Amino acid sequence: MQIIKNIEEMQAFRSEMRGSVGFVPTMGALHRGHLSLIRRAREENDHVVVSIFVNPTQFLPGEDFERYPRREEADRNICERAGVDVLFVPEAASVYHDDEVTLKAPPYLGYVLEGHRRPGHFDGVVQVVMKLFNLVRPTRAYFGKKDAQQLCILQKMVEDLFVPVEIVPVDTVREEDGLALSSRNVYLSPEERTRALGVSRSLKRASRLVMAGELDTETIKVAMRETMREIDTIEYIEIVDRGFRPLKRVEIGNTIILVAVKVGRTRLIDNLWI
Ligand code: AMP
């Protein structure tokens, strides 16, 4: 496996690559969720590039940028074992320039729900992903459905800007008890972790209700809120279509149920695609 820290080296290495390139952008502290993206990329492409970059521009002031978990050596071993060809680990100073051209997330999709709670977050995401796409020039790029809004915004970015990359959505990987894997789960104390299970349980409850024929979104949200009684703060429970417009009734095949909560100091998101 080639480890590349330098932008010019990445560009030179890429220009020598023949065949398809699968790309998995991450912020590191890799877990089985990331691994499922990497495996999928490995199956579907001649080459696999993984990037690790804790992107400063997608963190808001007061968020966890400084304490975000960083595990370079463990990440390197995971990538090596998974058959990654290139691990790209650029420095922030070389990724960003002074007074640079900036992209903006879509005015609606980039500023509701996560974008409303974290204004500007998705501007940082589209900016860095576009830069990474231009450096890696992937055939396919793999993103988790766990970050549903990010996935939909990036899908829209490649459509709107005619970027020749196929975005591949990958299902959320969970612990056996239902907790969605996240690099931020390490912040949870054992007691908080137990309470955090309310999130996946509420989504399971929603899924059962829909399967039983309950399509009224208010009724589903009330039931979900009840299941999350032990959660400190429910930031939102929302049931939207694929364009993130709120729905009165669930539309099978076009619905995402989204939850954002805080357990202790830790912010968690999860969702269910119906
Ligand atoms: P991150 O390192 O958190 O920026 O995540 C990098 C990629 O991994 C994103 O596309 C995430 O959506 C995806 N990802 C994170 N957690 C999971 C999970 N539990 N299952 C599947 N994909 C995930």
Side-chain angles (χ1 to χ4, degrees), residues 1-17 20-31 33-35 37-38 41-42 45-61 63-105 118 120-144 147 150-151 153-154 157-158 161 163-168 170 182-184:
M1 183 175 74
Q2 198 79 19
I3 298 174
I4 299 182
K5 298 198 168 174
N6 178 283
I7 301 272
E8 290 73 31
E9 206 184 318
M10 182 68 234
Q11 288 169 312
F13 200 87
R14 174 64 182 95
S15 63
E16 297 299 315
M17 281 176 162
S20 59
V21 175
F23 179 39
V24 182
T26 81
M27 299 204 299
L30 302 181
H31 50 63
H34 298 113
L35 202 53
L37 272 60
I38 295 172
R42 186 66 284 169
N45 300 278
D46 298 315
H47 307 277
V48 175
V49 179
V50 172
S51 66
I52 296 181
F53 182 59
V54 184
N55 174 35
T57 67
Q58 70 189 66
F59 287 81
L60 271 65
E63 289 190 348
D64 56 346
F65 175 68
E66 274 86 17
R67 66 183 189 118
Y68 195 84
R70 288 164 172 88
R71 300 222 195 79
E72 242 184 73
E73 197 184 325
D75 289 349
R76 216 182 305 132
N77 290 333
I78 290 169
C79 288
E80 186 112 55
R81 279 202 300 273
V84 170
D85 299 294
V86 177
L87 180 58
F88 180 41
V89 197
E91 296 282 344
S94 61
V95 171
Y96 288 104
H97 309 134
D98 283 341
D99 191 32
E100 69 175 27
V101 173
T102 48
L103 293 177
K104 276 196 85 62
R118 307 178 72 191
H121 165 70
F122 289 120
D123 297 341
V125 170
V126 292
Q127 183 79 359
V128 78
V129 171
M130 192 64 174
K131 282 173 184 271
L132 293 170
F133 279 1
N134 286 332
L135 290 168
V136 175
R137 289 191 279 129
T139 317
R140 301 182 187 85
Y142 296 79
F143 292 92
D147 297 287
Q150 166 174 279
L151 171 61
I153 288 169
L154 292 174
M157 178 183 85
V158 302
L161 303 182
V163 185
V165 178
E166 183 191 339
I167 302 288
V168 183
V170 180
S182 162
S183 305
R184 290 189 167 100

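Bear in mind the structure is a predicted one, so any value in this text is a computation, not a measurement. What you see below is based on every heavy atom in this structure, not just the backbone, and it leaves out hydrogens, waters and symmetry mates.
For the atom pair CD (Glu8) and CG (Leu135), the distance works out to 9.0 Å, reported to the nearest 0.5 Å. To the nearest 0.5 Å, the span separating CG on Asn6 from OG on Ser94 amounts to 7.0 Å. To the nearest 0.5 angstrom, Leu151 atom CG is 8.0 Å from Phe143 atom CZ. Interatomic distance, Phe23 CZ to Glu166 CD, rounded to the nearest 0.5 Å: 15.0 Å.
You'll find the side chain of Asp46 stays beyond 4.5 Å of the side chain of Val21, heavy atoms only. Counting heavy atoms from C-beta outward, Gln2 and Leu87 have side chains that stay 4.5 Å or more apart. At a threshold of 4.5 Å between non-hydrogen side-chain atoms, the residues Ser183 and His31 count as touching. Within the 4.5 Å cutoff, the side chain of Met1 has heavy atoms near those of the Cys79 side chain. Between Val84 and Val49 there is no side-chain heavy-atom pair separated by less than 4.5 Å.
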Exercise. Would Met10 and Ile7 count as a side chain to side chain contact (heavy atoms under 4.5 Å, CB included) if you check the C-alpha gap in whole Å, the side-chain angles of each, and the deciding distance to 0.1 Å?
Worked result: CA-CA 5 Å; Met10 182 68 234; Ile7 301 272; 5.7 Å; no

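Taking every heavy atom of both residues into account, Arg70 and Val54 meet most closely at NH2-CG1, 3.5 Å. Annotation for Ser51 and Pro25: closest pair OG-CA, 3.2 Å, computed over non-hydrogen atoms.
With sequence neighbours left out, Arg137 forms a side chain to side chain contact (heavy atoms under 4.5 Å, CB included) with Arg14, Ser15. With sequence neighbours left out, Phe133 forms a ring pair (Phe, Tyr, Trp, His ring centres under 6.0 Å) with no residue at all. Applying the salt bridge (charged side-chain N to carboxylate O under 4.0 Å, His left out) test to Arg184 and every residue at least two apart in sequence or in another chain returns Asp64. Thr57 meets the side-chain hydrogen bond (donor to acceptor under 3.5 Å, both in side chains) test with Asn55, Tyr96; sequence neighbours excluded. Legend: residues meeting side chain to side chain contact (heavy atoms under 4.5 Å, CB included) with Glu63, ordered by chain and number and at least two apart, are Phe59, Leu60, Arg118. Every side-chain hydrogen bond (donor to acceptor under 3.5 Å, both in side chains) that Asn45 has, sequence neighbours left out, goes to Arg140, Tyr142. Taking Thr26 as the reference, Val24, Leu30, His34, Val50, Ile52 meet the side chain to side chain contact (heavy atoms under 4.5 Å, CB included) condition, with sequence neighbours excluded. For Ala92, the side chain to side chain contact (heavy atoms under 4.5 Å, CB included) partners are Phe53, Pro56, not counting sequence neighbours. Residues satisfying the side-chain hydrogen bond (donor to acceptor under 3.5 Å, both in side chains) criterion with Thr102, sequence neighbours excluded, are absent altogether.
Among residue pairs with one or both ends in residues 71-89, those qualifying as side chain to side chain donor-acceptor pair (under 3.5 Å) are Arg42-Asp85; sequence neighbours excluded.
Checked by atom type and distance alone, the side chain of Asp147 never pairs as donor or acceptor with a backbone atom of Gln150 at under 3.5 Å. At least one donor-acceptor pair under 3.5 Å links the side chain of Lys131 to the backbone N or O of Val95.
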Name the atoms and distances for all side-chain donor-acceptor pairs under 3.5 Å in residues 123-130, with sequence neighbours left out.
unit_1, atom_1, unit_2, atom_2, d
Asp123, OD1, Ala105, N, 2.8
Asp123, OD1, Tyr111, OH, 2.9
Asp123, OD2, Lys104, NZ, 3.1
Asp123, OD2, Tyr111, OH, 2.5
Gln127, OE1, Leu103, N, 2.6
Gln127, NE2, Glu100, OE2, 2.9
Gln127, NE2, Val101, O, 2.8

